[in-house]
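Step one of this worksheet: look at the structure below.
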Amino acid sequence: MAEGTVDYYAMVEEAWQLSDTARDYVKNAGREVDNTELWEKVFAPSALIDLERTRAEGGQPLQKIFFKNPYGLQYRADHKDWIPFRHGALDPAYLQVI
């Protein structure tokens, strides 16, 4: 990737990695883990997270986690997991058709 370009694919991959970390945390706990615990142990310590926006707009109980980039994670209650979503605009200058 050229210097000065934005790698949106890498941003989505980071979101999936954090989702996998949360899934592994729950699996390794071997018990019910609520989203408050996941926030404290997995999400809040991540450098990716926009803490202020998540606290303001993430919902009570927590349903969305906003990253500092245009992505984040949203909770799927029916699957009891977190999946990436896009909450911000992408800059068309950085989008390339391959």
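Residue indices begin at 1 and follow the sequence shown. Worth saying up front: this structure is predicted, and the values here are computed from it rather than measured.
- Take Asp34 and apply the side chain to side chain contact (heavy atoms under 4.5 Å, CB included) test, not counting sequence neighbours, and it matches Thr36, Glu37.
- Distance CZ/Phe67 to CG/Leu48: 5.0 Å, rounded to 0.5 Å.
- Between Lys41 and Tyr25, the closest heavy-atom pair is CG-OH, 3.3 Å.
- Contact check for Phe66 versus Ile49: no side-chain heavy atoms found under the 4.5 Å cut-off.
- Listed by first then second residue, pairs satisfying ring pair (Phe, Tyr, Trp, His ring centres under 6.0 Å) with a partner in residues 32-55 read Phe43-Trp82, not counting sequence neighbours.
- Between the side chain of His87 and the backbone N or O of Asn69, at least one donor-acceptor pair lies under 3.5 Å.
- For residues 53-70, every residue pair satisfying the salt bridge (charged side-chain N to carboxylate O under 4.0 Å, His left out) rule, not counting sequence neighbours, is listed here: Arg53-Glu57.
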What verdict does the side chain to side chain contact (heavy atoms under 4.5 Å, CB included) test give for Thr54 and Leu62, after you've listed the backbone C-alpha separation in whole Å, the side-chain angles of each residue and the deciding distance to 0.1 Å?
CA-CA 8 Å; Thr54 299; Leu62 188 62; 3.9 Å; yes
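- Heavy atoms only, all atoms of each residue included: Gly72 and Ala15 are closest at O-CB, 4.3 Å.
- For Gln63, the side chain to side chain contact (heavy atoms under 4.5 Å, CB included) test picks out Pro61, Tyr75, with sequence neighbours left out.
- Of the possible donor and acceptor atoms, none in the side chain of Ser19 sits under 3.5 Å from a partner among the backbone N and O of Ile83.
- Under the 4.5 Å side-chain heavy-atom criterion for ILVMFWY residues, no single connected hydrophobic cluster contains both Leu18 and Phe85.
- Among all heavy-atom pairs drawn from Pro70 and Met11, the shortest one is CD-SD, 3.8 Å.
- Residues in residues 71-82 take part in these salt bridge (charged side-chain N to carboxylate O under 4.0 Å, His left out) pairs, two or more places apart or across chains: Arg23-Asp81, Arg76-Asp81.
- Shown here are the side chain to side chain contact (heavy atoms under 4.5 Å, CB included) partners of Val26, two or more places apart in sequence or in another chain: Val33, Leu38.
- Cluster membership for Tyr8 and Val12, using ILVMFWY side-chain heavy atoms within less than 4.5 angstrom, is shared.
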